[in-house]
Amino acid sequence: MADWTPASWRSKPLKQEVLYEDQDGLQNAIQRLRKLPPLVTPHEIANLKQCLKRVAAGEAFVLQGGDCAELFDYCNQDMIEAKIKLMLQMSLILIWGANKPVIRVARIAGQFAKPRSSAVETVNGVTMPSFRGDNVNGFEATPGSRKPDPSRLVDAYFHSAATLNYIRAALSSGIADLHSPLDWGLGHVKTPAIKEKYEKITSSVTDSLRFMRTAGLDTARGIETADIYTSHEGLILEYEETLTRPSKGHVGSAAATQPAAQKDKEFYYDLSGHFLWIGDRTRQLDGGHVEFFRGISNPIGIKVGPTMQPDELVALLDVVNPDKELGKVTLISRYGGSKIADHLPAHIKAVQASGHTPIWQCDPMHGNTRSTPSGIKTRNFTDILSELRQALEIHRAHDSYLGGMHLELTGEAVTECVGGAGGLTEDGLSERYTTFCDPRLNEKQALELAFLVAGFYRDHATQAKVDDTAV
Ligand code: PEP
Ligand code: CO
């Protein structure tokens, strides 16, 4: 790759930069991280890329989800298990609905850093740096705690490692084993008709699993375990650089068919996680983040908001994926339910005309954040669902494929987003509002969203059949 090194981002302008006063501490953290083993391997990343190639070709779907801001405190057995189980259940419903394999990518084991719209905030008359995530500074609202502390970068590594270790251990010990009955927890659904609909879906999923068992088709590793890949926003490039390591030749199934010259070529992988994305605030063509991302061989995401110009989007694709490799780039659109119809069609058309075939994923969260009259940040379930439904319809109408959804969710019973079958209102938000950044769907709202999206796919399949018969 011409003129690229893991450090070449340093010569470019940087948005959302963290200004460390303690430069010696920063150098110590960097030296320490450089020596530590990678958190994931190029082989695992290559496996994910293979899966994503199928998504780009319209043959599979991606479910990406997790916290907005992961905290070091979330690194505990219960919270990790709750998140894995939720992702697994949602993926089962989506497999049933879309009739396609679902690739699970969690925002976990590294999703610590946050971009902020303002670098500072004033609390009780004291102005201090904003909370930038557990790997940068402390949440506690004092100037001391908000000072960027480089030793947190090393702490982030160890919390990511411990989280990932438990995910791997839990998966290999059968947490995803579909032989054990699943608790679908539909008690909260108040409307009988909706409850009945969801129960029909879960019993259909359960019946299929039972059938596989009876027929002896469940002996393969597939039903006892599942792959869950990790992802985070690649924001703190000092950290990402230390875990970006060379690997000879492309790994995985592509290796056998590679020309000899390619086999000796060095490819760089950011081994802090499987999938990384560039945020909507750091995607400038001439900026440090795009420079860093253009050189890594991981599959990457780019957030696409309402301010993205269609030609800028194509220019970005040309920079990060000049060879138009399938499965390499996921465009994560996040316009908002009231804006998607104004922006997505032009973005799809520009990308189609460019000859790129990225994965399109809908993030129905970040364009739908609003504040209640009393100043609590929330999102409405109806707006989230509306953006998802419109994304699906717009892609269909433009001969494009919606390959995934990207959600902020938690396995806990929090009260952060309003709406859904549990009927959470603004008055109920303060009950268990525990996010340190954006409002997340709770376990029940997340499952419900999966039911509804699965329904969109099913309805479409039925409609397509009716249309076929009409012809
Ligand atoms: C996020 O995904 O938490 C985020 C900050 O998103 P965006 O860059 O789209 O605003
Ligand atoms: Co967020």
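In each ligand, atom 1 is the first atom listed, and ligand 1 is the first ligand listed. This structure is a prediction, so every number in the text was calculated from the model and none was measured.
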Open item on the list: Using 30° and 60° as the class boundaries, would you call the ring planes of H159 and F112 parallel, tilted or perpendicular?
Closed with: perpendicular
Task: Ring geometry between F61 and Y457 (parallel below 30°, tilted from 30 to 60°, perpendicular above 60°) - done: perpendicular
TODO: Report the part of K114 in contact with ligand 1, treating N, CA, C, O as backbone and CB onward as side chain, heavy atoms under 4.0 Å; options are side chain, backbone, both, neither.
DONE: side chain
Minimum-distance protein heavy atom relative to [atom]:
atom: atom 8 (O) of ligand 1; value: D280 N, 2.9 Å
atom: atom 10 (O) of ligand 1; value: R334 NH2, 2.9 Å
atom: atom 4 (C) of ligand 1; value: H366 NE2, 3.3 Å
atom: atom 6 (O) of ligand 1; value: K303 NZ, 2.9 Å

- [ ] Could you tell me which residues satisfy salt bridge (charged side-chain N to carboxylate O under 4.0 Å, His left out) with R245, sequence neighbours excluded, listed by chain and number?
- [x] none
Task: Test side-chain contact (heavy atoms from CB on, under 4.5 Å) applied to L71 and Y74, step by step - done: CA-CA 5 Å; L71 293 190; Y74 297 174; 3.9 Å; yes
Task: Cationic N near anionic O, under 4.0 Å, E408 to R379 - done: yes
Open item on the list: So, 4.0 Å and heavy atoms of R107: is ligand 1 close enough to count as a contact?
Closed with: yes
TODO: Assess E408 for proximity to ligand 1: is some non-hydrogen atom of it under 4.0 Å away?
DONE: yes
TODO: Nearest 10° is fine: what angle sits at the Co ion (ligand 2) between OE2 from E408 and NE2 from H366?
DONE: 80°
TODO: Round to 10° and report the angle made at the Co ion (ligand 2) by OD2 of D438 and SG of C68.
DONE: 90°
- [ ] Would you tell me which option among S333, G66, A69, P115 has the nearest heavy-atom contact to atom 5 (C) of ligand 1?
- [x] P115
